[in-house]
Amino acid sequence: MKERVEVMISADAISKRLEEMAEQIYEDFGGEQVELVCVLKGAVMTLTELSKRLKMPVTMSFMDVSSYGNGTESTGKIKILRDLDEDISGKNVLLIEDIIDSGRTLSHLRDLLLKREPKAFKICTLLDKPDRRVAEVPVDYVGFTIPDAFVVGYGLDYAQRYRNLNYVGVLHFDEE
Ligand code: IMP
Ligand code: MG
């Protein structure tokens, strides 16, 4: 099987969309300082590219989570592999994700972070695949809503590869 990536969202389109989102985020937080919380590893590129476009003061922190479960059936519970190194209570927080698929990870992460009583809490994702949603979770900023396909690039991986692509593409497996 040969892997082939078909462009779905160009680098230009992503750049333009992030510009719009950054403006909206700036307005919604009233120009106040925001703590950007990045979920490793997929959201790294969105975090860096979005942050360059935000005009208010920002701080950054990183979390790494994995889902519990026996492989085939995920309980949806998450295990924290790396927690934030700062307390977020009383802070404006923007959680940044690469893609929302079933919504399970994000839903648990949201509950967990809200318990720490941030001043404001909003969620931003580059991509949304609503067709596969199992757990409803309110998302404040969506870059692009996409159909149910396996995509890579702009932080998203297949077997840890393709994260460095500056566009988002559908991964195809062709017969050789
Ligand atoms: P969920 O919303 O809890 O199902 O988990 C979403 C996570 O699954 C994302 O953060 C990605 O790491 C991964 N994921 C879901 N769909 C894709 C895809 O199309 N390409 C690459 N990773 C994906
Ligand atoms: Mg992820």
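Small disclaimer: the values here were computed from a predicted structure and weren't measured. Each ligand, and each atom within it, is numbered from 1 in the order the structure gives.
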>> Side chain, backbone, both or neither: which applies to Ala43 and ligand 1 if a contact is any heavy-atom pair less than 4.0 Å apart?
In response: neither

>> Which option wins on minimum heavy-atom distance to atom 12 (O) of ligand 1: Thr125, Leu109, Asp98?
In response: Asp98

>> I'd like to check which ligand 1 atoms, numbered from 1 as shown, lie under 4.0 Å from a non-hydrogen atom of Ala149.
In response: 19 (O)

>> Looking at Asp128 and Arg133, is there a salt bridge between them, counting it only when a charged N and a carboxylate O are closer than 4.0 Å?
In response: yes

>> Using the rule given for side-chain contact (heavy atoms from CB on, under 4.5 Å), can you reason through Leu126 versus Asp98, listing the C-alpha separation, both sets of side-chain angles and the distance that settles it, and then say yes or no?
In response: CA-CA 5 Å; Leu126 177 67; Asp98 49 357; 5.5 Å; no

> Nearest to atom 4 (O) of ligand 1 by heavy atom, Gly42, Ser102, Gly153: which?
Replying inline: Ser102

> Looking only at distance, does Ile100 have an N or O less than 3.5 Å from an N or O of ligand 1?
Replying inline: no

> With a cut-off of 4.0 Å, which atoms of ligand 1 are near a heavy atom of Thr105?
Replying inline: 1 (P), 3 (O), 5 (O)

>> Does Glu117 have more than 12 heavy atoms from other residues, nucleotides or ligands lying within 6.0 Å of its CD?
In response: no

> Taking the non-hydrogen atoms of Leu127, is any one of them nearer than 4.0 angstrom to ligand 1?
Replying inline: no

> Quick one: does Ile99 get within less than 4.0 Å of ligand 1, heavy atoms only?
Replying inline: yes

>> Does this structure show an ion pair linking Arg132 with Asp101, if we count only N-O contacts that are shorter than 4.0 Å?
In response: yes

>> Nearest non-hydrogen contact with atom 22 (N) of ligand 1 belongs to which option: Val168, Asp128, Leu156?
In response: Leu156

> Which atoms of ligand 1 are found less than 4.0 Å from any heavy atom of Lys129?
Replying inline: 16 (N), 17 (C), 18 (C), 19 (O)

>> Taking 4.0 angstrom as the limit and counting only heavy atoms of Asp157, give me the atoms of ligand 1 inside it, by number and element.
In response: 21 (C)

>> Could you report the tightest heavy-atom contact between Thr125 and Val139, atom names first, then the distance?
In response: CG2-CG1, 3.9 Å

> Does the distance from a Lys or Arg side-chain N to an Asp or Glu carboxylate O, for Arg53 and Glu19, drop under 4.0 Å?
Replying inline: yes

> Aromatic ring centroids of Tyr154 and Phe144 under 6.0 Å?
Replying inline: no

>> I'd like to know whether ligand 1 has Leu106 as a neighbour, heavy-atom separation below 4.0 Å.
In response: no

>> If we ignore hydrogens and angles and just use 3.5 Å, is the side chain of Asp140 paired with the main-chain N or O of Cys124 as donor and acceptor?
In response: no

